[in-house]
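Bear in mind the structure is a predicted one, so any value in this text is a computation, not a measurement. First the proteins, then the strands, lettered A, B, ... as listed; each starts at 1.
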Number of protein chains: 2
Amino acid sequence: MTASRVVNGYPHVRPAVREKVEEAIKALGYRPNSLARATRTGVSQIGMLYSNASSSNLSNYLMGAFRQASLSGCQLLIEPSQAHPTPAQAVQKLVDAGVGAVILPPPLCDDVAILESLEKAGVGAVSFATARPREGAPAVFIDDFEGARMMTQHLLDLGHVDIAFVRGDPAHSTAQLREKGFRETMAAAGLVVDETYVADGGFSYRGGLDAARHLLGLRRRPSAIFAANDDMAAAISAVAHGLGLSIPADLSIAGFDDTSVATTVWPELTTIRQPIADMAASAVLLAMDLARPSAEPGGHVQAQLQLIERASTAPPPA
Amino acid sequence: MTASRVVNGYPHVRPAVREKVEEAIKALGYRPNSLARATRTGVSQIGMLYSNASSSNLSNYLMGAFRQASLSGCQLLIEPSQAHPTPAQAVQKLVDAGVGAVILPPPLCDDVAILESLEKAGVGAVSFATARPREGAPAVFIDDFEGARMMTQHLLDLGHVDIAFVRGDPAHSTAQLREKGFRETMAAAGLVVDETYVADGGFSYRGGLDAARHLLGLRRRPSAIFAANDDMAAAISAVAHGLGLSIPADLSIAGFDDTSVATTVWPELTTIRQPIADMAASAVLLAMDLARPSAEPGGHVQAQLQLIERASTAPPPA
DNA sequence: CTGTTAGCGCTTTCAC
DNA sequence: GTGAAAGCGCTAACAG
């Protein structure tokens, strides 16, 4: 019993005893059995939706979530939201399966109807990677505005002035914030954004292709293009190569997300990394809190962004 | 107890009773608790290595494995093999963690040294997606030769004659088999493979770029290129676009694997789909068998391949 | 064919 | 502060 307390870091154990237990743990190579633990604590299943949309990030999302679930001894039920006619049905399936809480990625995490039906069913929801976390609702998120600001500043610091921006899908709140981050940073540097330098890419490779053709066909070509995600940045890279431009000597390209395509294309993309796996792990933890009867809702976790400098950006041509 | 027998589909239960139990299960919405089950059956942890190499397939791999692990109530320990100086150390870490069996993707599944050290440690190994399953060793795999044959035949049926091939990393046994499948199908059609039409791509996007530059720079350009995986096919597509070629009107491109890039690029790639998620699930099942004391090794599971016809292939230009 | 007993590894509760 | 008792949901082994 005392050993249990030590393992769980509970108080009311004399330091001397605690130390002895810890020694024994090491000596015996003891590892707690999270399955057995779960039988007692009764932490049930938690549901996780996913949409193929952010498919490059999917593996990190799954990995982080499952690793945490393993550690915490809870069961994760994953459900592809597009396998159902409507996302609401996907959520319903999880509720019927008896999950204690649900993790909702965008755009579901901003869907009021789904949130309400969940509340009615008494099942908690954790918003994952939402751009606007709501008060009193558990959420894990990043600061999209700040990420865009960091990247824009990076390009500015490199000496770029003619910077183009490729927008994401305006339906996603993240896309709006990233654009805002770009615009305000440009303004703060005293630069006016030429509207022909802002193109729509819809977060897709295909959209990035179109945007790149427009941008690189301009009389006065930008010296750098900042795309709101990596898929679009990869498309821009492909088009630029096609036009015989060398990257980054003739053109700098920057992405956002640090998904696997960022290191697949050549040269590898300078981008903003979101710690998706850690974020998913946090979401599982929040969901487990929610599933407990002692539900104390409202935990917010903001993940740290990081600028990853790779080979696709450099100072502008002289 | 009788209920337990029914749930597990054991014999020695009168049909009438079985039916009654099943009714009750339905009426009560009973769902077995796989965690509790696992405490009794003692099915321990099973380890799973992964390499970023096939990163696009990673999410399917993880998803299939975790879903099965959830169902079977076993814990999955995943370890990125490149997080360690040598793959052997990654395996060792899992062994030290106390896993009962390990799932090995390529190229680890063909590494004799690793297999031997595992045997010495008394830990079973399941080969995942190996090209040459060994007798007496559990494995789940596909017929790479047959997949390459299917695709080559598809191009042949479309009317192509000048078909180029982009090889994978020759260190992977799958790469060798895919090339063999291509060559033998061409030979069977009475066609001689022009060696300038066979290029190395090393399974990477970068390598595909180089191969495409070589192939599309040839005096007599092939009318179709078959790449041994989707990453390389995507690279070829990018280069072709750059040269102003229209796909598939001027050039057909085919890939292999049906990873997410196949539907990311435009036009979407005709490719060979492997049911990675199902394969991973099978691997977990095999691993669990292995972890039990009653170890009856040698299960082989061959997964079914499917040709996915998308927009990147068409008859050759007139 | 069916039911009883015991126990998996852990934690909650409550005595001491 | 510490430990004894009980029980989570399930199944192996045995008894009837």
### Task
Kindly say whether the aromatic ring centers of A:F141 and A:F128 come within a distance under 6.0 Å.
no
### Message
Tell me which residues in residues 1-12 of chain B lie within less than 4.0 Å of DNA chain D, going by non-hydrogen atoms.
### Response
B:M1, B:S4, B:N8
#### Entry: Counterpart residues, salt bridge (Lys or Arg N to Asp or Glu O under 4.0 Å), relative to B:E19 (two or more places apart)
none
### salt bridge (Lys or Arg N to Asp or Glu O under 4.0 Å) involving A:R273 - partner list, sequence neighbours excluded
A:D258
### Message
Just to verify, what does A:E146 make a salt bridge (Lys or Arg N to Asp or Glu O under 4.0 Å) with, not counting sequence neighbours?
### Response
A:R149
### Task
Identify, with sequence neighbours excluded, every residue that meets side-chain hydrogen bond (donor to acceptor under 3.5 Å, both in side chains) alongside B:D144.
B:R178
### Task
Could I get the full list of side-chain hydrogen bond (donor to acceptor under 3.5 Å, both in side chains) partners for A:Q302, not counting sequence neighbours?
none
### Message
Does A:T39 contact D:dG7 through a side-chain donor or acceptor facing the base, at a distance under 3.5 Å?
### Response
no
### Query
Quick one: side-chain hydrogen bond (donor to acceptor under 3.5 Å, both in side chains) pairs with a partner in residues 105-123 of chain B, sequence neighbours left out?
B:D110-B:T130, B:D110-B:S173
### Query
OP1 or OP2 of D:dT11 sitting under 4.0 Å from any side-chain N/O of B:R37?
yes
#### Entry: Five-pair end axes of the helix from C:dC1-D:dG16 to C:dC16-D:dG1, angle between them (10°)
40°
For a quick test of your reading: what N or O donor-acceptor pairs under 3.5 Å do the side chains of residues 274-287 of chain A make, sequence neighbours left out?
from   : atom 1 : to     : atom 2 : distance (Å)
A:Q274 : NE2    : A:D257 : OD1    : 2.9
A:S282 : OG     : A:D278 : O      : 3.0

Side-chain polar contacts of residues 23-31 of chain B - donor-acceptor pairs under 3.5 angstrom, sequence neighbours left out - could you list them?
from  : atom 1 : to    : atom 2 : distance (Å)
B:R31 : NE     : A:A97 : O      : 3.4

### Message
Near DNA chain C, counting only heavy atoms under 4.0 Å, which residues of residues 13-22 of chain B show up?
### Response
B:V13, B:R14, B:V17
### Summary
Sequence neighbours excluded, the answer for side-chain hydrogen bond (donor to acceptor under 3.5 Å, both in side chains) partners of A:Q304 is none
